[in-house]
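Since the structure comes first, as structure tokens, the remarks are kept for the end.
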2 protein chains.
Amino acid sequence: MTETSPAAEAGTGAAADHAYRLVREQILSGQRVGGEWLREGDLADHLGVSRTPVREALRRLTAEGLVRYERNRGVQVQAWNASDLDEIFSLRSVLEPWGCRLAATSGLADLTTLDALAHEMDACVAGRSPDLDRLTELNNRFHRLVLEGSGNSRLPGLIASVVQVPLVWRTFSRYPPEALARSLAHHHELVAALTAGDADWAESVMCSHVRAAWSSIREGVQATS
Amino acid sequence: MTETSPAAEAGTGAAADHAYRLVREQILSGQRVGGEWLREGDLADHLGVSRTPVREALRRLTAEGLVRYERNRGVQVQAWNASDLDEIFSLRSVLEPWGCRLAATSGLADLTTLDALAHEMDACVAGRSPDLDRLTELNNRFHRLVLEGSGNSRLPGLIASVVQVPLVWRTFSRYPPEALARSLAHHHELVAALTAGDADWAESVMCSHVRAAWSSIREGVQATS
DNA sequence: GTCTCAGAAGTTGCATACAATTAACTTCCG
DNA sequence: CGGAAGTTAATTGTATGCAACTTCTGAGAC
């Protein structure tokens with residue numbers, strides 16, 4: 001993210017951007033429960049801006065599927081369930097391995113940064129208090145970077161549009177330790193496969209990676225529901 | 001289309017919806033050239049509404065990737081080229097066969113309607129003056145219906161979001177007659193494969209279908225550029 | 001002739017006011 | 001007591017006005 005480096009000029013503009021980021025963060029952090037109504041007036045007051053930029057933010061969130069919009073009634077936070085998770089991981093298990101395959105032979109993958117990210121993620125869980133938020137952030141960057149190496153400029157955004165599900169954000173907290181270790185190992189193996197330019201290997205590792213995550217999360221959801 | 005708008009739920013008010021549909025149609029029909037700036041004031045005057053709903057429509061088109069937005073500068077019609085087509089068909093050739101495979105065994109596919117659509121498309125090109133616009137419309141519905149049978153509710157929208165490229169709208173006009181006939185035959189074969197519940201067959205036919213279309217369009221684009 | 005820098009024009013971003021629609025409540029009738 | 005219609009409150013949709021930003025133009029200096 002951090003597209004249009006935001007806080008550059010705090011003085012003007014970016015009211016809509018500000019509103020967008022705040023509401024998005026509230027939804028992804030679970031602060032806003034699924035089904036909750038988001039009133040334009042309340043958000044505007046709380047942000048100290050008018051309804052106009054708030055409406056813009058809500059429309060953007062609607063397009064991204066984080067909220068549900070009903071004409072003349074407003075927007076409410078999208079509610080997710082286990083079948084949504086299945087749909088998403090089902091899609092990922094097709095698209096990500098495919099993108100990874102392309103990245104293996106395109107020569108576009110930023111292997112240096114990928115390797116660095118893999119090591120940073122190791123460090124995140126090395127200490128006694130693992131920084132899971134940072135791990136999530138790094139993991140997202142890792143996956144996006146792989147997909148950007150596919151040479152298909154639409155692929156990263158396409159996957160990002162379905163991965164933005166609240167549960168996924170808190171994903172690593174549900175991982176059992178051995179699953180976490182396996183996931184981190186996958187990242188390193190992925191870098192190795194990409195470095196070797198072995199498309200089959202790369203595709204295979206990513207497929208394992210996604211399906212392992214799917215399994216871990218499914219169990220985590222079942223356990224808490 | 002003009003039925004109780006399916007976009008009504010995901011859409012906006014009446015004026016905003018009107019503006020959205022108009023500008024979208026203008027872009028997809030090629031009336032608005034790629035790179036052309038779309039001024040809020042002009043569109044508002046032309047539509048007889050204020051800038052507010054126009055802005056909303058433009059934001060929606062931005063989210064769909066049909067226009068490009070620059071802060072404090074406005075929006076301009078997205079410009080497409082051959083590599084965009086390659087990216088799109090590359091994605092389709094992965095996702096659509098996969099969705100088709102799922103539809104073959106899910107039992108959710110509306111085989112009756114699919115068969116009817118396939119025959120309607122035949123009728124479109126049977127006469128001396130083929131109705132290519134109607135053919136395009138029916139073809140879109142056919143593909144969407146197949147994907148809706150996959151059981152993955154996100155898949156149809158995901159593919160729709162990348163297929164919305166102007167060139168694709170005028171696609172059949174570039175088809176040589178034999179390619180057109182082959183495409184229509186694919187539809188019938190697809191229905192047969194889905195009816196048989198043969199996942200491999202269905203996936204394979206859809207793969208052929210997409211790649212044949214890719215080839216036809218690539219040649220058509222090369223010939224005209 | 002070219003570069004720089006005011007100044008003006010045009011466009012977008014936001015705030016406010018009003019209209020339209022929806023939901024809730026009260027009241028009246030059976 | 002139950003139900004229905006009218007009315008009121010709350011919320012969204014649209015219009016308008018103003019401020020901020022960008023771009024273009026043109027005069028002046030080198």
Side-chain angles (χ1 to χ4, degrees), chain A residues 3-24 26-27 32-64 66-78, chain B residues 4-24 26-27 32-78:
Chain A
E3 304 138 355
T4 42
S5 89
E9 289 79 34
T12 84
D17 243 27
H18 187 204
Y20 165 77
R21 263 192 282 264
L22 178 86
V23 178
R24 179 171 183 271
Q26 288 185 342
I27 294 174
R32 299 283 189 179
V33 186
E36 178 180 352
W37 287 96
L38 299 176
R39 318 265 189 220
E40 300 175 356
D42 291 351
L43 294 172
D45 291 346
H46 191 270
L47 276 145
V49 298
S50 81
R51 278 174 48 215
T52 309
V54 172
R55 281 175 66 85
E56 201 172 304
L58 291 179
R59 291 286 134 55
R60 218 170 130 189
L61 293 166
T62 302
E64 294 177 4
L66 264 69
V67 301
R68 229 167 62 84
Y69 172 87
E70 283 183 52
R71 183 186 174 121
N72 283 322
R73 292 196 51 190
V75 305
Q76 52 183 349
V77 179
Q78 185 65 266
Chain B
T4 2
S5 54
E9 277 183 30
T12 63
D17 231 31
H18 187 203
Y20 165 76
R21 261 192 285 263
L22 179 86
V23 178
R24 180 172 182 270
Q26 288 184 342
I27 294 175
R32 299 282 190 180
V33 187
E36 178 181 350
W37 286 96
L38 298 177
R39 313 266 170 69
E40 299 175 357
D42 292 350
L43 293 172
D45 291 346
H46 191 270
L47 276 145
V49 298
S50 81
R51 279 175 46 216
T52 309
V54 171
R55 280 175 66 85
E56 207 171 296
L58 292 178
R59 289 292 138 69
R60 211 170 135 191
L61 293 166
T62 303
E64 294 177 3
L66 265 67
V67 301
R68 232 166 61 83
Y69 171 85
E70 285 183 50
R71 184 189 177 100
N72 283 322
R73 292 196 52 191
V75 305
Q76 52 184 348
V77 180
Q78 184 67 264

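Labels below follow one simple rule: chain letters A, B, ... track the order of the sequence lines, proteins then strands, and each chain is numbered from 1. Everything quoted here is computed from the prediction, not taken from an experiment.
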To the nearest Å, how far apart are [X] [atom1] and [N] [atom2]?
X: R59(A); N: dT14(D); atom1: CZ; atom2: C1'; value: 12 Å
X: R71(B); N: dT22(D); atom1: CZ; atom2: C1'; value: 13 Å
X: L58(A); N: dT12(D); atom1: CG; atom2: C1'; value: 11 Å
X: L47(B); N: dG13(D); atom1: CG; atom2: C1'; value: 16 Å
X: R55(A); N: dA17(C); atom1: CZ; atom2: P; value: 17 Å
X: D17(A); N: dC14(C); atom1: CG; atom2: P; value: 9 Å
X: W37(A); N: dA24(C); atom1: CH2; atom2: P; value: 10 Å
X: E56(B); N: dT14(D); atom1: CD; atom2: C1'; value: 10 Å

Not counting sequence neighbours, which residues clear side chain to side chain donor-acceptor pair (under 3.5 Å) with [X]? List them please.
X: R51(A); answer: E40(A)
X: Q76(B); answer: none
X: R39(B); answer: none

D17(A) and R60(A) ion-paired at < 4.0 Å: yes
N/O (side chain, Y69(A)) to phosphate O (OP1/OP2, dT11(D)) under 4.0 Å: no
Presence of S50(A) side-chain N/O under 4.0 Å of dA15(C) phosphate oxygens OP1/OP2: yes
Closest-nucleotide ordering on DNA chain C, the 5'-leading residue of R51(B) and R51(A): R51(B)
Any residue meeting side-chain contact (heavy atoms from CB on, under 4.5 Å) with T52(B), in chain and number order, not counting sequence neighbours: S50(B)
If you restrict it to nitrogen or oxygen atoms, what contacts under 3.5 Å exist between nucleotides 6-11 of chain C and the protein, and what is each distance?
{"residue": "dT11(C)", "atom": "OP1", "partner": "R39(B)", "partner atom": "NH1", "Å": "3.0"}

Spacing of OG1 belonging to T62(A) relative to CD belonging to Q78(A), to within rounding of 0.5 Å: 10.0 Å
Which residues share a salt bridge (Lys or Arg N to Asp or Glu O under 4.0 Å) with E64(A), sequence neighbours left out: none
